[in-house]
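Read the structure below first, then the notes.
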Amino acid sequence: MSLVTLPKSYSPSEHEPSVTARWESAGCFHAEPGGAGEPYSVFIPPPNVTAALHLGHALNNTLQDVLVRVARMRGRNTLWMPGTDHAGIATQSVVEKRLAQEGKRRTDFTREAFVERVQAWKNEYEAVILSQLRLMGASCDEARTRFTMDPVCTAAVREAFFRLFQDGLIERGKRLVNWDPVTQTALADDEVEMEEVDGHFWYLRYPLEDGSGHVTVATTRPETMLGDTAVAINPRDPRAPALRGKRVRLPIVGRIIPIVEDDYVVMPLALGGDPLDAKAQFATGFLKVTPAHDPNDWELGLRHGLEAITVMAPDASISDRHGWKDCSDEARPFCGMSREAARAAISQWFKANGLLEGVKPYRHSVGHSYRSHVPVEPYLSDQWYVKVTDPRLAHSALSAMADDQFDGVRPPTTRRLGDGGLRFFPARYARTYQQWHEGIRDWCISRQLWWGHRIPVWAKAFEPGATPAQGAWESKGASELRRTLSDGRIELFVCVPESRDQAIVPELVAQGYTQDPDVLDTWFSSALWPLSTLGWPVGARFSMEGMLDTFNPSAVLSTAREIITLWVSRMVMFNRYFMGGRLPFRHVFIHCVVQDGFGQKMSKSLGNGVDPRDIIATHGADAMRFVLTQISTATQDVRLPVDVLCPFTNQAFAPQTTTTSSGHVVAAPTQTCPTDPSKTMVSAFGAATGVAEPTRERPLARNTSARFDIGRNFANKLWNASRFALAQLPSDAPAPVSDSAVAPARLIDRWILSRLARSVSTINASLAEYQFNPIADALYDFVWRDFCDWYLEAIKPTVKSDPVQQAILRAVLDAILRLMHPVMPFVTETLWDPVRSIHRAKVTGLDLPLSELCATARWPEPAASLVDSAALAQFDTVQALVLAIRNLRGERKVNDRRKVVLHATSGALALVHAAAGVVETLAGLERVVGSSEPRPGTAVALAFMGEELFVSALVDQVDLGAERERLASVIVDRERAAGGFRGRLSNAGYLAKARPELVEETRRLLAQAEADADAAKRTLDALTASVGG
RNA sequence: GGGCGCUUAGCUCAGCGGCUAGAGCGCUGCCUUUACAUGGCAGAUGUCGCAGGUUCAAAUCCUGCAGCGCUCACCA
């Protein structure tokens, strides 16, 4: 291919689809257990099927793809497992929201019909997500794409649940859960968000039973008093002895409840309470105890054997139908009220009856559902728990940590498989992981939803003495759990493994057992992802033999900070538990957060996410990937100011913004064309949140961002550099120089090969540490600055006639395409064919085996011997000389085409000769002459490396005033520098303690600065003399 | 309240003991020279948040302070 056949600029949309098609037809992303090379696997964090991916996902997937593509090029047997997550509550919520727009509710459907609706949503968004991954060039093994509710994943969930059940690690508990009264399901602790709210403290008087007075309790939730079963006081409280054994009559309800003593109770300030404890300022010393509606009260209730009385319905309205037996006539009017209404009504009742001692405003944080955003109600209910506090799980997660990342001393134990093998990048996240496990609590896994993995447990309650014989179901292959109910009956739970479904379930149903209606927490199936996607435990059934042993553990999990506790932890515990200690992955890489232009995290729920397809449309996939790689730093989350692309004019503009009720700044749902106010459009935010529907007259406006311009320009630069290089290397050129490898002869060639080798070292070192920004910078510097700006410009006069240089140019270009490929796969694959087809000769120390596709080409590993330190140092000086001459030209505004003459002293002359024409080419020199040659009066002086050089033919007329000014400023600058070095060298401490080579270097720099200043001074004197003073 | 991070050029960010503190964008001037105007060449712009300390040497390490952000915990 020649220059003529490649267009002048790179147009991503013209090449991306065909490149994707070539990868697909080659099947080069498909991995098999028997494949060549050491296995390397990565599991994609399966995105939720709730919505399309945004740039945060694009960032994570780009970084994974970089790792995966490098591994593949290094000859590893590489698997990148793609897939999506059913995201129980999130997906059910979006579908329910959609139904609500039609005026329908979930309960208007049968469970099956509703699940079908969700399934349809899932199908739609799964397709969108997979197509987004393909568009951004993610080299996933598409044939192995998984969904967390696939039969193969379901099999893993069933097996895991059964084994944990059988091993006593799953239990049924009546405990306080975080209850979402809107979605009416239990939430895990981490699904609760704390939000600051303005509330009040109400001071309520509870009369003593014996009429001898009252106690005053302080509460933020008066409505829960209906369920109070005690009042607590600190045993150190001086009032405690007098009250010992006394009881109070609960207002409204009339319930007689005890006063108990517990040191959990905060003492009021007046009685010596801790002044640093905010509660002490508000405390009365008496605490109302509502075990059924407060987690701390629940604990306190357990300690004192108190009854827990639930006074609310699942929708958090006051109700006497959920375990509240002693509802009085006085209390009955409150039934049916919402929490908020009851709070007002009950405080009003206390006021009306003279029992309200006071009210104080109080700002505090209250748990809200991350899904429905209403306050979570601590609610007593029956749920399934995984006992992750059991050492078999919690301890295993901690012992997995790498020794040097574990904070503190760990107890000496016998090492087992996987111990000490888990490493975090950046290392500081190990602490997050460790602290979470040290404070871990049992994991509530049942969710009162319809979308998810149905809990495989069948239950029936029996009268005492009527229960089936112990182990009756176990003999058939199931597992049993018994529990005594509060009414004395025995509840029998039977957990059935999937393999015994047909044998046991019909019998259970016939005997009146019913399956638990709930589904499992989504993270239960996510926790099995590295196992379930590989066919555990039924690989043979799904023709996946060997997958598990080959690709588990994976190399690295790449994910976001908040996922450490939600997912990383649980994968480690489960993988280790089911696989004899084996880790799910060796490394955990935590990437930075992509924020919008206002510093807010991009999120699906806020609707401020940018669709990667928008960026691909305006800049191309490679541009997006390069910039995402470049902005991935270890400590800094990244802001991405987003513009709106007007669909009428195709011009980008900063959107008008609006502030949401939650205080977030977002693009307004509709935008107006800045150049034509009659035209309006719907922003991506408007469409994502459903606030504004795009129409023909008011179309959807895509997002874009100028941040991606660098990537687009870089892809184009690479394209044109390749185009130029190809023109120098015609395919009909003479045969290879020789069969033996070519070694560089010219300084410029030795330099570019050294720079290549150095760049590869930098990239490899950064890859090993998951530092992506330095990779992008190294590529950019090497390709743009070294290769394009210096090398290609320098070889223009010589390459056409120098076969050795041609071989080196081809090899360097070939290596560049390989190095760039993981970050910019499309443009490199497009250029690969023409580059690989031109004639080749081996270059010593740079082995680049032929390959059909760039995607499967060998990763360059230049020999260490390719780094020529002398060439690097000498070319540094060449660059300094070129820059000095260019600087002169720039100052004099010399036309680029005007050739000048350099009058060089011996040192500079030697340098120019060593560079063999490069200085002349890059500095625009007509010729270089010795300083003994006569020079014209228009010659301008140049202080360089302590020598006094002149440049002539620069200008026709020397402006003596300007010249004097310039020389004076050179002298000032050089003397200032010399002063700095002198100061350092006159410091005895520096001479004594700094590294000797550093001192030596400073001496050299001082000598040079002084010589430069002297040279400039001499020139200035001569100038003054020639003018005649 | 605990933990973590951030504060460097107008903007977005690198650098994290030692060359005269960098990049991209933006800005100024010159250049449409046959790879690239999505370009080339040159240039201007910084008391590295503030105050102490350690060191021969601090943007870089330590302490304190101020501001911003994330995260965990806590609803008397």
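Within every chain, numbering begins at 1; the chains are lettered A, B, ... in the order of the sequence lines, protein sequences first and strands thereafter.
Within the 4.0 angstrom heavy-atom criterion, only backbone atoms of the sugar-phosphate kind lie near A:Ala218; the bases stay farther away. Residue contacts shown for A:Arg898 are absent, as no nucleic acid heavy atom lies under 4.0 Å away. Nucleic acid contact class of A:Val638 (heavy atoms, under 4.0 Å, all strands): sugar-phosphate only.
Taking the C1' atoms as reference points, B:rC27 lies 12 Å from B:rC11, given to the whole Å. Rounded to the nearest Å, the gap between the P atom of B:rU60 and that of B:rC25 is 29 Å. Nucleotides B:rA58 and B:rG15, compared at atom C1', are 14 Å apart to the nearest Å. As rounded to the nearest Å, B:rG24 and B:rG40 have P atoms that lie 10 Å from one another. Spacing of C1' atoms, B:rG22 relative to B:rC48, comes out at 12 Å, to the nearest Å. Taking the P atoms as reference points, B:rC65 lies 22 Å from B:rC70, given to the whole Å. Here the separation of B:rG69 from B:rU63, taken at their C1' atoms, is 23 Å to the nearest Å. Here, B:rC72 and B:rC13 have their C1' atoms 29 Å apart, quoted to the whole Å.
Between A:Arg984 and B:rU20 there is a side-chain polar atom (N or O) within less than 4.0 angstrom of OP1 or OP2. Here A:Asn895 does not reach the OP1 or OP2 of B:rU33: none of its side-chain N or O atoms lies under 4.0 Å away. Taking 4.0 angstrom as the limit, A:Thr633 places a side-chain polar atom (N or O) nearer than this to OP1 or OP2 of B:rA14. OP1 and OP2 of B:rC25 both lie 4.0 Å or more from every side-chain N or O belonging to A:Arg712.
Residue whose closest nucleotide on RNA chain B sits further toward the 5' end, between A:Leu998 and A:Thr219: A:Leu998. If you find the closest nucleotide of RNA chain B to A:Ser722 and to A:Lys993, the one lying nearer the 5' end belongs to A:Ser722.
Judged by distance alone, with hydrogens and angles left aside, A:Glu793 brings a side-chain donor or acceptor within reach of the base of B:rA35, the pair sitting under 3.5 Å. Judged by distance alone with a 3.5 Å cut-off, no donor-acceptor contact links the side chain of A:Lys8 to the base of B:rC36.
Across all strands shown, B:rU38 remains unpaired; no Watson-Crick or G-U wobble contact has both distances below 3.5 Å. Nucleotide B:rG22 has B:rC13 as its partner under the Watson-Crick or G-U criteria, with both atom distances under 3.5 Å. Across all strands shown, B:rG69 forms a Watson-Crick or G-U wobble pair, both distances under 3.5 Å, with B:rC4. Base pairing of B:rG43 is made with B:rC27, judged by Watson-Crick or G-U wobble geometry with both donor-acceptor distances under 3.5 Å. Base-pair partner of B:rU60: not found among the strands shown (Watson-Crick or G-U wobble, both distances under 3.5 Å).
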Using atom names, set out every protein N or O paired with an N or O of nucleotides 4-6 of chain B below 3.5 Å, distance rounded to 0.1 Å.
from  : atom 1 : to       : atom 2 : distance (Å)
B:rG5 : O2'    : A:Thr635 : O      : 3.0
B:rC6 : O3'    : A:Gln636 : OE1    : 3.3

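Which of B:rU33, B:rG18, B:rG24 sits closest to the side chain of A:Arg785 comes down to B:rG24.
Distance check, rounded to the nearest 0.5 Å: CZ of A:Phe286 to CD1 of A:Ile259 gives 6.5 Å.
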ring-ring contact (aromatic ring centres under 6.0 Å, His included) assessment of A:His15 paired with A:Tyr10: CA-CA 9 Å; A:His15 301 287; A:Tyr10 174 61; 5.6 Å; yes
